[in-house]
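Dropping a structure here in structure tokens format, bear with me for questions.
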Amino acid sequence: MSTITLTVNGEPHRLEVPPMKRLLDVLREDLQLTGTKEGCGEGECGSCSVLLNGDLVNSCLVPVLQTEGATITTIEGVADLAGPGERLHPIQQCFLEHGGAQCGICTPGMILATHHLLEKYPQPDLSQIQEGLAGNLCRCTGYTRIFAAVQAAARMEGSK
Amino acid sequence: MPEFSPSEPLQTVGRSPLRKEGLAKVVGQAKYVDDLSLPGMWYGATVRSSVARGRIRSIEFGPDIPWHEFTIVTAADIPGENVIVHLAKDHPCLAATHVNHPDEPILLLAHPDRAILPAAVAAVRVQYEELPAVFTIDESEAPDAPAIWQDPAAPAKNTFKQYLMQCGDEASLDEIFASADFIVEGEYRTGAQEQLYIENNGIIAEFDREAGVKVQGAMQCPYYVVHALQLVFNLPAEKCRVIQTETGGAFGGKEDFPSVIASHAALLAMKAGRPVKICYDRAEDLAGTTKRHPSRSRHRTAVSRDGRLLGGTIEVALDGGAYLTLTSTVLSRATIHAPGPYHWPALRVVGKAMATNLPPHGAFRGFGAPQSIFGTERHMNKIARTIGLTPEELRRRNLLRVGDRTATGQLITDTVDMQQLLTRALQETNYHAKREEFARTNPGSTIKRGIGFATFFHGSGFTGSGERRLDSLVEIEITPEGQPCILVSSTEFGQGTNTILCQVAAEALQLPYAFVQIAQPDTARVPNSGPTVASRTAMIVGKLVERAAYSLRDTLLHSGLLPGDYTEQDFRTAALAYVAQHGPLKSSVRYQSPGDIFWDDQNYRGEAYPAYAWAVYVAEVAVDTTTYSATCTHFYALQEVGRVLHPVLAKGQIEGGVAQGIGYALYEKCVWQRGHMANNQMTNYIMPTSADLPPIEVAFEEVPSIHGPFGAKGIGELPMDGPAPAILNAIEEATGIECDEIPLLPEDLFARMAMPQENAR
Ligand code: FES
Ligand code: FES
């Protein structure tokens, strides 16, 4: 067991966990943040995506020992990124309105990947969106509605 | 009764309100099975066979595992029948003496610590006496093949099922072939395809001596699971309670399989005396669960000089895997869709499903139709090429029109005009200009471009008398808050069941969409509205919801409590007053078969489906002749699906299906090693990413149908049918090479292009 201190969605935590435990399992089991999903456990699907110090990572590939002192955002903390007390982040609103979520299992990861993409390219063109989300698999949508949601979110944030 | 008339403007139907459960999904609060935990819950795992076929000689428990901490279940622990029932009882819940495919469940383990289970599974050593096995349709039907599946009722060795569908008489078919200008023959093959829902299969089970079995998890058809549990536990239906949790994609992959994993979890729960969760990881889900049936279609067609289909024979063979599961119904749909949307004066279709020592193949969006339509639409191009017509002209001369009869003898009464659909699709894709342009530019280029299309239809609802047998029941009840709540066993797994059924009820009740609720499917609460499959939810269940809503409204109107012109508040007040005076208010309606539907299951004659969705799909491709990669660069999907209930969801269904169809054609290959899926990882079973897909354009033609609510027909499976043949037709246009087998990966295209040209024709 190791002691790990980290901040998740703005809340500090001090955990006693096996050092090689996957960040994904720490989030889901130790912190009950089950919004982060497991689709493959091997870094292919991106449904376990979270922000780790602002970078997009597959939490199934990150041993928790690497997160000592880190700041992590999961889907449960995304609305807060829009401002304190916000119920929905514009990205979430746009996924909802444009049909970007069907079964919803890829959605948390997709929304975090979108957040990361829009930080990098506030007004991405289609190929930047396609590349930016290529690490997040969605079997339901064929991605078209997701692209529409991302573009709408970019417009919404751009007009703020 | 205030039935819908097409001229009335609609309030909710045809608009795109927010998905009912959408908010929970975008904030990460939606609870899928693996997000749930019960007090004292243990975790389950499955020991599976490592050989394709054999007799189990011994089972040993290896050292270094504290076995006393585990609950261990074998076939001997099953209180009822050792069977997973679908259409027959050939499929054991746990292998007892023999295994018939790799990764077949033999033994179950449960332990409080999830992390220790993989080592324990690996430490169970099973010894086998191996028996000869077969792995393909061709091997299974060979005269000297070992008999791997036997049933006194089977039509032939290793044959699960055989259908014969005929129109025109047999003798005339011989004459037609003898005198035809052209006879065109072809063979077409499709591979297995994984559904690849992003949420793996998972179930949590509880067992109580008094209350019976309770399971919850990812699934499409709660009442299928009830039926399976009844046999395994020898319990009445009311003691087998099944609840669907939020389900992360299904596509057919959670139609029949949940009966297996639910039975396993429940057996462990019974023996352990505590709740048990089994959630597969990706490798186990890929290796151990069902896939789309591989197929082989053989066509022989008599054609006149002017391009009319005179007669033909089609043989569609499916690889069913080791047990029957749903194979005969998949075969039925494959057989009926094999003739395509064409007029055949005489035709004989033979459908047959063969047993192999692969894990059983099962339901996957399209359910046999994508396989046979692939063969038919490639064959139409071959006929066109052989007799010197364009693919367009050949189809124009043979497409079904209103007043024609299909190969089952069904009269086409839908007012759909396939000629006009084809004209519109080719215009909107600039087909003719592109075809000319590519013919001009391809010769000087290493990148060969092409445009191709497929014309097809897909039957909505269960085949033939299936809907009558299902006898679905739908209810709408008034909640304690005075709101209508839909009670159905139809499940949401991304396609939009919750949303469209609430839209239909809201429209019929003339209430706001947000006011209408839908219950979580829990067999202790909802009636059996049938399985969520076969593109039947919008059309069949939707129609029942519409009727139940009208009947609820009539009850309130006739009671005098509801004024003729009412608001949401009036409705609530009236509904609560009604409940106070008369007790609980619930309206129930049962399926009524449209009077004119007749189906002969023996001879495959009659109305195969109440309604068809019609479509023309156009694909553009670029084939790189140096890397042998074929890419779809643009996709266009035009369909007539009756009234579109929710445009955003409907487009999402088509786009998602097209993406799966593109994967089916160009990316997704199951690599089999003696029946075991060797590439059982997302790293090497490749589905399209956002960077791989072309722009997908979706267009609808809306001709309201009398069969569905407010004119809707089925939509979910249709988009799976067209992409593969459209893409391979485009590749033929681009390269002049006929590729008749999918998936077509670069190595396959290389092999095809390396063939001497005369063979390549
Ligand atoms: S679960 Fe982490 S990438 Fe798939
Ligand atoms: S919405 Fe189902 S996987 Fe993306």
Side-chain angles (χ1 to χ4, degrees), chain A residues 18 21 25 28-29 32-45 47 74-79 87-89 91-109 111 126-127 129-147, chain B residues 16 18-19 21-32 34-37 114-115 195-200 246-251 279 281-283 492-496 646 648-649 651-660 662 681-683 687-693 695-696 698 719:
Chain A
K21 189 164 182 177
D25 298 329
R28 289 177 54 82
E29 293 167 10
Q32 274 91 51
L33 294 170
T34 55
T36 306
K37 307 300 182 192
E38 172 165 359
C40 67
E42 51 171 346
E44 275 298 315
C45 74
S47 47
T74 69
I75 187 66
E76 290 90 347
V78 167
R87 198 177 62 119
L88 283 181
H89 190 281
I91 299 172
Q92 291 170 312
Q93 183 66 35
C94 292
F95 266 72
L96 192 54
E97 284 172 9
H98 292 265
Q102 287 190 17
C103 80
I105 196 83
C106 72
T107 309
I111 285 175
L126 184 60
S127 68
I129 300 176
Q130 287 187 286
E131 287 305 324
L133 301 183
N136 290 73
L137 298 179
C138 175
R139 189 56 154 172
C140 297
T141 61
Y143 307 102
T144 311
R145 312 270 107 213
I146 291 175
F147 299 157
Chain B
S16 295
L18 298 185
R19 174 182 278 282
E21 75 296 347
L23 182 62
K25 284 175 172 172
V26 299
V27 299
Q29 293 305 332
K31 296 289 181 223
Y32 301 80
D34 204 17
D35 303 337
L36 303 173
S37 190
R114 200 176 202 169
Q195 296 88 357
L196 215 71
Y197 32 72
I198 305 293
E199 179 209 29
N200 293 313
E246 200 68 70
T247 295
F251 318 112
C279 284
D281 67 9
R282 183 59 61 183
E492 169 69 53
F493 37 89
Q495 23 34 322
H646 187 298
V648 167
L649 288 183
K651 282 193 176 162
Q653 278 299 290
I654 302 297
E655 290 153 359
V658 166
Q660 290 176 354
I662 293 173
Q681 288 175 291
M682 277 192 174
T683 327
M687 65 161 268
T689 71
S690 55
D692 299 323
L693 289 174
I696 301 169
V698 177

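Computed from heavy atoms alone, side chains included, the values below leave out hydrogens, waters and symmetry copies. In what follows, chains are A, B, ... by sequence order, proteins preceding strands, each numbered from 1.
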Exercise for review: Would you mind checking which part of B:D281 comes under 4.5 Å of any heavy atom in chain A, side chain (CB onward), backbone (N, CA, C, O), both or neither?
Suggested key: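 Neither part.
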Point to revise | Engaged part of A:L88 at the chain B interface, taking heavy atoms whose separation is under 4.5 Å | key: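 Side chain only.
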Exercise for review: Please list, chain by chain and in numerical order, all residues satisfying side-chain contact (heavy atoms from CB on, under 4.5 Å) with B:V698, sequence neighbours excluded.
Suggested key: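 side-chain contact (heavy atoms from CB on, under 4.5 Å) check on B:V698 returns B:Q639, B:K651, B:I654, B:E655, B:I696, B:F700.
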Review point. Checking A:R145 against chain B: side chain, backbone, both or neither under 4.5 Å from a heavy atom?
Key: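 It is both, since atoms from each part get that close.
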Point to revise | Engaged part of A:H89 at the chain B interface, taking heavy atoms whose separation is under 4.5 Å | key: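 Interface part for A:H89: neither.
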Practice item. Identify which part of A:Q32 has an atom lying under 4.5 Å from any heavy atom of chain B, answering side chain, backbone, both or neither. Key: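 For A:Q32, no heavy atom lies under 4.5 Å from chain B.
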Review point. Charged N to carboxylate O under 4.0 angstrom, B:D34 versus A:K37?
Key: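 No salt bridge links B:D34 with A:K37.
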Point to revise | Top contributor to chain A interface from B:L36, B:V658, B:L23 [non-hydrogen pairs under 4.5 Å] | key: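 Of B:L36, B:V658, B:L23, B:L23 has the most heavy-atom pairs under 4.5 Å with chain A.
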Exercise for review: With a 4.5 Å cut-off on heavy-atom pairs, point out which of A:G35, A:G132, A:G100, A:A134 contacts chain B the most.
Suggested key: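 Of the candidates given, the most pairs with chain B belong to A:A134.
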Practice item. Against chain A, label B:P688 side chain, backbone, both or neither, depending on which of its atoms sit under 4.5 Å from a heavy atom there. Key: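 It is both, since atoms from each part get that close.
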**Study point:** Proximity breakdown for A:L133 and chain B, heavy-atom pairs closer than 4.5 Å
**Key:**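 Its backbone and side chain both get close to chain B.
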Point to revise | Heavy-atom contact with chain A under 4.5 Å, split by part of B:Q195 | key: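 For B:Q195, the contact with chain A is made by the backbone alone.
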**Study point:** Pairing residues for B:R282 by the salt bridge (charged side-chain N to carboxylate O under 4.0 Å, His left out) criterion, not counting sequence neighbours
**Key:**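 Partners of B:R282 under the salt bridge (charged side-chain N to carboxylate O under 4.0 Å, His left out) test: none.
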